[in-house]
Amino acid sequence: MKFLKLYKNSQVFKIALGIAILVICYIATVFYAQMQELNKSVEVIANSNETQLELEKLLSVISIYETNLRSFIITKDENYIRNRFLSRGSIELNLKNLNKLASNNALRTKDIDSLKKLIDYRFELFRETVTIAKAKKVDFNELNAKLLESSSCTDDMRAFVYKTINSERVKVRYHNSNHHFELQDSAATAFLLVILSLLILLLSFNKMKVDIHQLQRANDELKFLNYSFNNAEKIAGFGHWKYNLETKSFTFSDNFYRLMGIDPDKAKPDALEMGKYLHPDDYERMMKVHNDSLENLEPTSAMCRYILPSGETRYIMAVGNFTKNSRGQTVKIGVNYDITEQFLNTRELEENNRELQSINEELESFNNIVSHDLQEPLRKIQMFISRLEENETQKLSDQGREYFSKIKLAANRTQALLIDLLNYSRTVKGDKAFEPIRLGDIARQVVQDLATTIDEKKAEIHIGELPQVDGIRFQLEQLFTNLLTNALKYSREGVPPVIHIKTEKIASRQMHNGKPVAEDDYHKIVVADNGIGFKQEYAGKIFYLFQRLETDAKYSGTGLGLAICKRVADNHNGFIKVKARPNEGAKFSIYLPKNKT
């Protein structure tokens with residue numbers, strides 16, 4: 001695997017290929033030197049063989065001359081010696097060839113000179129012998145002496161020639177032996193050179209094949225990316241363009257034309273052609289922005305309107321920046337994307353915000369009415385009811401007293417409803433300034449405020465260790481007030497309320513809105529009672545406005561208390577949950593974010 005990774009690495013392959021080429025060059029140099037040595041060996045062997053041949057020819061001619069001389073002496077026929085001993089004939093050619101073959105060998109040249117002297121002396125003896133043989137009166141003693149001297153000279157010359165021939169033969173055998181080994185070495189070197197060359201060719205071909213495959217795959221990926229990018233432009237509703245500052249030429253993507261409502265196949269990549277679709281009121285501004293950016297090489301971002309061939313007006317955001325292409329030319333690349341829907345939605349949202357602001361102003365007026373105008377006559381009604389109750393109830397009939405009691409109850413409920421509405425309104429629009437708050441102090445303050453009710457109910461309130469959080473003080477006071485009031489209000493008849501306020505660990509599988517609730521992120525504050533409780537199936541219903549599970553007259557309420565609790569938890573980026581069982585009580589869990597420093 002490691003080798004394959006190295007093989008696929010272009011840089012490593014180039015280094016390996018360079019080393020292999022150097023090795024081949026070295027082997028080729030060695031092979032060339034071996035071939036040169038072989039060539040020299042062949043030349044030396046050929047030279048030796050030719051030298052031997054010339055010497056053999058020379059001895060042969062001398063032998064023929066001697067045979068002819070003896071034939072003349074015996075027969076006295078001058079045809080045997082005609083044109084022979086006066087001219088050396090082919091012997092001079094042999095000597096000339098021998099000198100040429102020994103031109104690079106000083107020792108051999110010296111031997112040839114010695115041989116030439118012997119040949120000169122032998123021809124001198126030929127002439128003297130012929131002269132004695134031609135005399136009228138032949139002196140046979142002298143003739144025999146010359147013949148003996150001639151034979152001795154011929155033997156010396158033959159011995160000298162054979163010595164030289166043997167020397168050449170030894171040299172030939174030596175060079176033949178070396179030539180054999182050199183030939184084997186050259187063959188091995190040539191084989192190694194061919195194998196290495198083939199191996200490099202195969203590796204190069206395979207690497208080239210891999211590279212071509214990778215290039216093809218990269219080209220396919222590039223085509224796919226281009227296809228994906230074009231589709232992304234269609235889906236996202238944007239088109240890109242380029243302007244080359246050196247060639248002064250524009251390039252537009254197909255989807256850029258589509259944004260203009262133009263067929264890409266029929267469009268011309270010309271700025272003036274595209275400029276005519278700009279809204280007349282935006283044309284000069286956009287041209288100035290574009291031209292200024294070309295001078296200063298600064299990025300641009302501007303919104304403009306385009307009027308499509310269909311007459312439709314589209315809002316376009318155009319952004320551009322500068323970069324360098326592969327040739328080092330400065331190019332401005334821009335993107336135009338359609339923000340018509342976003343622009344119209346924003347404009348609609350602004351109108352809705354204005355309407356909402358108007359509604360909030362009306363709500364503020366409503367709050368003022370609730371807190372002043374409605375409560376003032378209600379207080380007077382309650383005041384007169386109190387005076388009538390003190391002085392006039394004895395004068396009423398039983399039915400009148402019953403009606404009077406219902407009027408008093410309705411007035412009190414109306415006042416409670418107005419107070420709860422005002423409190424709920426405060427949680428919606430109230431002060432959102434967060435500050436560090438000790439929840440234990442808040443809980444104890446609320447218990448103190450409800451002391452009268454607690455004493456009446458003979459309730460037990462147990463406050464455990466509570467954390468410090470960042471919150472809105474009056475809202476958290478309202479939260480604990482409403483939860484404790486509910487617990488006291490919905491107690492079981494004849495059973496003193498027992499209420500626990502404490503912190504619990506968050507279970508590892510606790511979820512909210514499909515996401516896990518982590519111990520590191522939230523505090524879990526629990527308010528648990530032993531009251532009448534309710535069915536768990538109603539747990540999600542009780543936090544909505546004006547929702548009451550108990551309609552019995554003895555349980556007074558407006559249905560806003562728990563809605564306020566939920567609103568307070570939401571305002572603190574937390575949430576509230578409840579678990580309950582009929583006649584076993586309810587357990588409210590408030591999750592508030594931890595302070596992370």
Side-chain angles (χ1 to χ4, degrees), residues 371 412 415-428 430-492 495-504 522-533 542-543 555-580 585-595:
S371 60
N412 290 337
Q415 185 182 38
L417 177 60
L418 290 176
I419 292 172
D420 284 347
L421 282 173
L422 186 60
N423 287 334
Y424 186 79
S425 175
R426 289 180 66 195
T427 61
V428 174
D431 183 14
K432 298 295 177 70
F434 283 69
E435 60 178 311
I437 296 173
R438 295 181 181 275
L439 294 180
D441 295 343
I442 295 289
R444 284 186 284 272
Q445 180 63 43
V446 170
V447 169
Q448 189 175 351
D449 293 341
L450 298 176
T452 302
T453 307
I454 292 172
D455 290 340
E456 289 177 358
K457 290 278 189 175
K458 298 180 180 179
E460 295 181 18
I461 310 295
H462 301 279
I463 301 175
E465 189 70 25
L466 297 178
Q468 177 176 298
V469 299
D470 284 343
I472 306 167
R473 180 173 292 277
F474 85 87
Q475 290 192 12
L476 292 174
E477 288 175 355
Q478 192 68 47
L479 171 70
F480 280 102
T481 298
N482 289 353
L483 290 176
L484 285 174
T485 301
N486 262 24
L488 293 169
K489 183 192 303 181
Y490 296 107
S491 60
R492 285 181 286 169
V495 178
V498 179
I499 303 170
H500 292 274
I501 305 173
K502 59 183 178 178
T503 303
E504 285 188 359
Y522 290 92
H523 295 291
K524 180 181 179 183
I525 298 96
V526 174
V527 179
D529 62 59
N530 61 341
I532 63 174
I542 62 174
F543 294 107
Y555 298 111
S556 61
T558 62
L560 284 171
L562 292 179
I564 292 173
C565 292
K566 182 178 184 304
R567 173 59 64 178
V568 170
D570 291 343
N571 288 347
H572 287 77
N573 299 317
F575 56 95
I576 185 170
K577 291 189 174 185
V578 62
K579 288 185 179 180
K587 178 181 177 181
F588 289 87
S589 299
I590 305 99
Y591 296 83
L592 297 177
K594 287 186 175 181
N595 302 331

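Owing to the predicted nature of the structure, the values given are computational and were not obtained by experimental measurement.
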Can you give me the closest heavy-atom contact between [X] and [Y], atom names plus distance?
X      : Y      : result
Lys524 : Ser589 : CE-OG, 3.6 Å
Pro497 : Asn530 : CA-OD1, 3.4 Å
Pro436 : Gln468 : CB-NE2, 3.6 Å
Pro593 : His572 : CD-O, 3.1 Å

Could you check Ile576 against Tyr591 for side chain to side chain contact (heavy atoms under 4.5 Å, CB included), going step by step and ending with a plain yes or no?
-> CA-CA 6 Å; Ile576 185 170; Tyr591 296 83; over 6 Å; no
Looking at side-chain heavy atoms only, is the closest gap between [X] and [Y] below 4.5 Å?
X      : Y      : answer
Ile542 : Phe588 : yes
Val526 : His500 : no
Pro467 : Ile525 : yes
Ile461 : Val498 : no
Leu439 : Ile501 : no

Report yes or no: does [X] contribute a side-chain atom to a donor-acceptor pair with the main-chain N or O of [Y] at less than 3.5 Å?
X      : Y      : result
Asp529 : Ala586 : yes
Asp470 : Phe434 : no
Thr503 : Glu465 : yes

The single option from Thr481, Val469, Asn571, Ile590 passing side chain to side chain contact (heavy atoms under 4.5 Å, CB included) against Leu476 |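 That would be Val469; it is the only one of Thr481, Val469, Asn571, Ile590 passing the side chain to side chain contact (heavy atoms under 4.5 Å, CB included) with Leu476.
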Check ion pair Arg444-Asp441 (N to O, under 4.0 angstrom) =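 Yes, Arg444 and Asp441 are salt-bridged.
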How about Lys457: does its NZ atom have over 12 heavy atoms from other parts shown lying under 6.0 Å from it?
->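 Atom NZ in Lys457 is packed in, count exceeds 12.
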Might you work through the side chain to side chain contact (heavy atoms under 4.5 Å, CB included) test for Val568 and Phe480, ending with a clear yes or no?
-> CA-CA 10 Å; Val568 170; Phe480 280 102; over 6 Å; no
[X] [atom1] to [Y] [atom2] distance, which is reported to the nearest 0.5 Å:
X      : Y      : atom1 : atom2 : answer
Glu477 : Ile437 : CD    : CD1   : 8.0 Å
Lys489 : Asn482 : NZ    : CG    : 8.5 Å
Leu592 : Phe575 : CG    : CZ    : 9.5 Å

Stepwise side chain to side chain contact (heavy atoms under 4.5 Å, CB included) test for Leu483 and Val446 | CA-CA 10 Å; Leu483 290 176; Val446 170; over 6 Å; no
Quick one: do the Asp449 and Gln445 side chains pair a donor with an acceptor below 3.5 Å?
->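 Present: a donor and an acceptor within the cut-off.
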